[in-house]
Student: 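Have a look at the structure that comes next, please.
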Amino acid sequence: MATRNAKIDQKADLIWAIADKLTGVYKPHEYGDVILPLTVIRRFDCILSDTKDAVLQKYEEVKNLPMKDVLLRKAAEKDFYNTSKYTFERLMDDPDHIEENFRDYLNGFSANVQDILEKFKFDGHITTMANKGILYIVLKEYTTDRGNLHPNEISNLEMGYIFEEIIRRFSESHNEDAGQHYTPREVIQLMVNIIFYDDNDILSGNNVAKTIYDPACGTGGMLSVAEEYLHSLNASTELVSFGQEINDQTFAICKADMLIKGNNADYIKDGNTLSDDQFAGSTFDYILSNPPFGREWKNEKAKVEEEAKLGFGGRFGAGLPAASDGQMLFLMTAISKMKDIDKGGSRIAIIHNGSPLFTGDAGSGPSEIRRYILENDLLEAIVALPNDIFYNTGIATYIWVLSNKKAGTVREGKVQLINANEMYVKRRKALGNKRNDISEEDIAEITKIYGDFKESEISQIYDNEDFGYTKITVERPLRDEEGNLVLKKGKKQPDTSLRDTENVPLKEDIKEYFEREVLPFAPDAWIDEKKSKVGYEIPFTRYFYKYEAPRPSAEIMAEIMDLETELSGSLEEVFDL
């Protein structure tokens, strides 16, 4: 599988250097608003260059025909085209009319490209650059070697990397969340390895067509890597990509990328997935996603709660997470897009931080979501990733792997936890918060551990019920100052100040637990069974905790004495001076 290389960084450096021409007219945090759309347009320009003259000739023949769009696509040998006489190079022949001619050039693009350009909100920048006298200068930079984005020079996969690198630099200069837009490719590769693992239909079948969906698709990195990886395994299989993205710029890049590769760009939708699901009622074979986490969903609250009232007729029947963090809403969206098992079923790989593992008490929204997932046997595995592998965060992250095809397999009723936290290599140079990479060897090893489904030091297997518990309310009787029981209609009344709760594992008998763990210490206690609630949590780190004996006190004391001696000597040197 292709990986990032020095050529990508070099090309990104060259393109970003074009931003120097914007100095004075734009502030550094605004550079990306110009560089991103121009880079996309230049990529289109280079791709269409080989058939440009043929398209112009065909346009003169068919411009008045109702079916001209189909004929022009055929002439361009692409799903898009440009009927303007101009190219970037030809625009250089007339500096005095650069704004007028450049607008003519942009207006020559087919309607699907016009949609992309509109999302970039680029029109105002053309006016600004023209008024400030830099439009010609900037466009000319794209006609130099640094702006050569022809497919013979830069592959589609490499172009995706370049877009993402430019976005990262733009976001960092703007103090924005760079990582919200894309995921490191080695993480995506691991996710793809796992969801395609042992899927004989797609890996060895002939002319099989499958669908893949990302509810927070960003620039489309997950969809692109999945497609590329699958084609490397079985060139005859088609993977049709679907995605939704809220950010206009990244949506435009994703749609452009799909268009460039010859995919159906109409399957990439813009808008807020949580409040405006563009794929309501649709189901897919595979679902991959790295949704935003730690982000509040107050703006979507009314729409989400309205859909939640539909129960399982909508996406959120299991429950709702706290309004401060919407990542579990994306998890439920993914689950709602799974195909019924009689239609082949589905598999999901989705990234979360630690919060969805354990946040929320029994009966809360997050616990009920976990309960739904585990009681319906949807969770296959959770993989703990190394820290510092994402561009915008160093916190712990996990891949959740879900499937509704576990029945009859060794995974039925089981969940595998894989602690891959230490499986990484240090980067020579950090990229934002990304200080570590997952190597090809580590990806292969983690995939093998998942596939083998065996217990080891970093792989543990549990029953679904192991994560469940019943939260019982333990009451103690209310007494007056003399210590007598307070009765009401002959019944003991609870003393709320003595009320307590206990979490009893689902696999344990509640009565036996109560007699063993509570009654010896509070013989007058009882359980208020009306208040009992079932909850689920996955305390991942607890399962892999290793006890480390404290260092001997003598060793610690010797270290302190050494530090005191060293500090004393340093102070003497200072005062002697």
Student: Is the Tyr543-Tyr462 ring centre distance short of 6.0 angstrom?
Tutor: yes
Student: For Asp277, is there an ion pair with Lys269 - N to carboxylate O distance below 4.0 angstrom?
Tutor: no
Student: Counting C-beta onward and ignoring hydrogens, is there a side-chain heavy-atom pair between Arg499 and Asp528 closer than 4.5 Å?
Tutor: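 No; the side chains remain at least 4.5 Å from each other.
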Student: Counting the benzene-type ring for Trp, do Phe540 and Phe358 have ring centres under 6.0 Å apart?
Tutor: no
Student: Flag the pair Glu368 and Arg371 as a salt bridge only when some basic side-chain nitrogen lies within less than 4.0 angstrom of an acidic carboxylate oxygen.
Tutor: yes
Student: Report yes if some heavy atom in the side chain of Tyr424 is under 4.5 Å from a heavy atom in the side chain of Asp437; otherwise report no.
Tutor: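 No, every pair of side-chain atoms sits at 4.5 Å or beyond.
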Student: Are Glu380 and Ser403 side-chain neighbours, meaning at least one heavy-atom pair lies under 4.5 Å?
Tutor: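 When only atoms from C-beta onward are counted, Ser403 and Glu380 do touch, with a gap below 4.5 Å.
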Student: Just checking Tyr213 against Tyr267, ring centres under 6.0 Å apart?
Tutor: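 Centroid distance Tyr213-Tyr267: not below 6.0 Å, so no.
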Student: Contact between Leu230 and Val192 at the side-chain level, heavy atoms closer than 4.5 Å - yes or no?
Tutor: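 Heavy-atom side-chain distance check fails, nothing below 4.5 Å.
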Student: CG/Asn404 to OG/Ser346 distance, rounded to the nearest 0.5 angstrom?
Tutor: 5.5 Å
Student: Between Pro184 and Lys434, what is the shortest heavy-atom contact and its length?
Tutor: CB-NZ, 4.1 Å
Student: Using the six-membered ring of Phe467, assess whether NZ or CZ of Arg370 lies under 6.0 Å from its centre and within 45 degrees of the ring axis.
Tutor: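 That pair does not qualify as a cation-pi contact.
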Student: Hey, are the side chains of Met159 and Ile260 touching, using non-hydrogen atoms and a 4.5 Å cut-off?
Tutor: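 They are not in side-chain contact.
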Student: I would like to know whether Lys261 and Ser224 meet side-chain contact (heavy atoms from CB on, under 4.5 Å); could you show each step before the answer?
Tutor: CA-CA 9 Å; Lys261 292 188 297 188; Ser224 295; 2.8 Å; yes
Student: May I ask you to establish whether Arg516 and Phe521 are in a cation-pi arrangement, using a distance under 6.0 Å from NZ or CZ to the six-membered ring centre and at most 45° from the ring axis?
Tutor: no
Student: Under a 4.5 Å cut-off applied to non-hydrogen side-chain atoms, are Leu274 and Asn299 in contact?
Tutor: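 Leu274 does not reach Asn299 side chain to side chain.
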